[in-house]
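Here's the structure we're looking at; comments come further down.
What you see is a predicted model, and the numbers here were worked out from it, not measured in a lab. Hydrogens, waters and symmetry mates play no part in the numbers below; they use all other heavy atoms, side chains included. Residues: numbered from 1 along the sequence shown.
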Amino acid sequence: MSDRKLLNIELGRVSAPDYSRRNGSGIALVLDNIRSAHNVGSAFRTADAFHADRICLCGICALPPSAEIHKSALGAEDSVPWEHFADTLDAVRRLREEGYEIVSVEQTVHARELQDFTPEPGKRYALIFGNEVDGVQQSVVDASDFAVEVPQWGCKHSLNVSVCVGVVLWHFRSRLPVRPE
């Protein structure tokens with residue numbers, strides 16, 4: 001089989017200003033005390049790829065402008081809207097007021113396995129991803145509408161948070177209709 005990689009100019013990507021004018025996806029990310037600026041940057045880049053509405057950076061998360069964020073975000077920190085909250089629960093309250101369903105991505109007693117959850121078209125979801133060591137704070141899990149977890153079959157108990165963001169965003173976006181521009 002003969003195939004050719006596409007050049008960047010052939011990909012038809014939108015500009016950062018055009019990105020902000022597109023209809024929202026109905027998905028927001030909440031980063032709950034992510035300590036690594038590289039993980040924050042990766043979340044920005046993945047949020048851009050799947051056209052998340054915005055990112056809420058909470059607690060100790062590194063904030064743009066940051067060389068470390070930029071290294072993995074590759075400029076997505078300029079296309080994806082973001083806001084900082086000192087406390088993750090403040091972000092949760094705001095998003096709930098705006099009509100988002102609050103979803104902790106965490107291993108909990110009653111978590112739904114990701115593949116068994118289908119997001120409903122027309123609903124808005126705020127997906128909360130937790131600290132690299134401690135995960136989503138229990139108080140934030142308690143404030144959530146429900147939890148989903150990414151099933152795993154190896155001996156480790158978790159994925160790197162940046163990988164988890166990619167898996168979960170792909171799942172949600174692949175099951176939701178694309179909103180017309």
In a table with atom names and distances, give each donor-acceptor pair under 3.5 Å that connects a side chain of residues 27-34 to protein atoms at least two apart or in another chain.
{"from": "D32", "atom 1": "OD1", "to": "T88", "atom 2": "OG1", "distance (Å)": "2.7"}
{"from": "D32", "atom 1": "OD1", "to": "Q137", "atom 2": "NE2", "distance (Å)": "2.6"}
{"from": "D32", "atom 1": "OD2", "to": "Q137", "atom 2": "N", "distance (Å)": "2.9"}
{"from": "N33", "atom 1": "OD1", "to": "I60", "atom 2": "N", "distance (Å)": "2.9"}

Provide the closest heavy-atom pair for [X] versus [Y] in the form atom of the first, atom of the second, distance.
{"X": "A62", "Y": "V40", "answer": "O-CG1, 3.9 Å"}
{"X": "S42", "Y": "S72", "answer": "N-OG, 3.3 Å"}
{"X": "V105", "Y": "C164", "answer": "CG1-SG, 3.6 Å"}
{"X": "E106", "Y": "E149", "answer": "O-CB, 3.6 Å"}
{"X": "G166", "Y": "F50", "answer": "O-CE1, 4.2 Å"}
{"X": "V150", "Y": "Q152", "answer": "O-NE2, 3.3 Å"}

Point to revise | Heavy atoms of other groups near D116 CG, more than 12 under 6.0 Å | key: yes
Close side-chain approach of [X] to [Y], heavy-atom, < 4.5 Å:
{"X": "N39", "Y": "F129", "answer": "no"}
{"X": "V92", "Y": "F85", "answer": "no"}
{"X": "L6", "Y": "R4", "answer": "yes"}

Could you tell me whether [X] and [Y] make a salt bridge, using a distance below 4.0 angstrom between a side-chain N and a carboxylate O?
{"X": "R175", "Y": "E120", "result": "no"}
{"X": "R54", "Y": "E98", "result": "yes"}
{"X": "D48", "Y": "R45", "result": "no"}

Exercise for review: Classify the angle between the aromatic ring planes of F172 and Y125 as parallel (below 30°), tilted (30 to 60°) or perpendicular (above 60°).
Suggested key: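 Taking Y125 first and then F172, their aromatic rings stand perpendicular (interplane angle over 60°).
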Report yes or no: does [X] contribute a side-chain atom to a donor-acceptor pair with the main-chain N or O of [Y] at less than 3.5 Å?
{"X": "S25", "Y": "H51", "result": "yes"}
{"X": "T108", "Y": "A111", "result": "yes"}
{"X": "E68", "Y": "S66", "result": "no"}
{"X": "H84", "Y": "C56", "result": "no"}
{"X": "D145", "Y": "E101", "result": "no"}
{"X": "S174", "Y": "H171", "result": "yes"}

From [atom1] ([X]) to [atom2] ([Y]), nearest 0.5 Å:
{"X": "E132", "Y": "L159", "atom1": "CD", "atom2": "CG", "answer": "13.0 Å"}
{"X": "L95", "Y": "E83", "atom1": "CG", "atom2": "CD", "answer": "8.5 Å"}
{"X": "W82", "Y": "L57", "atom1": "CH2", "atom2": "CG", "answer": "6.5 Å"}
{"X": "I102", "Y": "R93", "atom1": "CD1", "atom2": "CZ", "answer": "11.0 Å"}
{"X": "N131", "Y": "C58", "atom1": "CG", "atom2": "SG", "answer": "12.5 Å"}

Members sharing [X]'s hydrophobic cluster (side chains within less than 4.5 Å):
{"X": "W153", "answer": "none"}
{"X": "L7", "answer": "I9"}
{"X": "V133", "answer": "none"}

Is it the case that one hydrophobic cluster holds both [X] and [Y], taking links as side-chain heavy atoms less than 4.5 Å apart, direct or via other members?
{"X": "V103", "Y": "V168", "value": "yes"}
{"X": "V80", "Y": "L74", "value": "no"}
{"X": "Y100", "Y": "L176", "value": "no"}
{"X": "F44", "Y": "V14", "value": "yes"}
{"X": "L63", "Y": "I128", "value": "no"}

Review point. Quick one: is the NZ or CZ of R112 closer than 6.0 Å to the six-membered ring centre of F146, and within 45° of its axis?
Key: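 Output yes; distance and angle both within limits.
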Review point. Does Q115 have any side-chain contact (heavy atoms from CB on, under 4.5 Å) partners at least two apart in sequence or in another chain, and if so, which?
Key: E113, P151
Practice item. Output all residues satisfying side-chain contact (heavy atoms from CB on, under 4.5 Å) with R13, sequence neighbours left out; order by chain, then residue number. Key: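 side-chain contact (heavy atoms from CB on, under 4.5 Å) list for R13, sorted by chain: L11.
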Check your understanding: Can you check side chain to side chain donor-acceptor pair (under 3.5 Å) on H70 and E77, steps first, answer last?
Key -> CA-CA 7 Å; H70 184 73; E77 72 275 25; 2.6 Å; yes
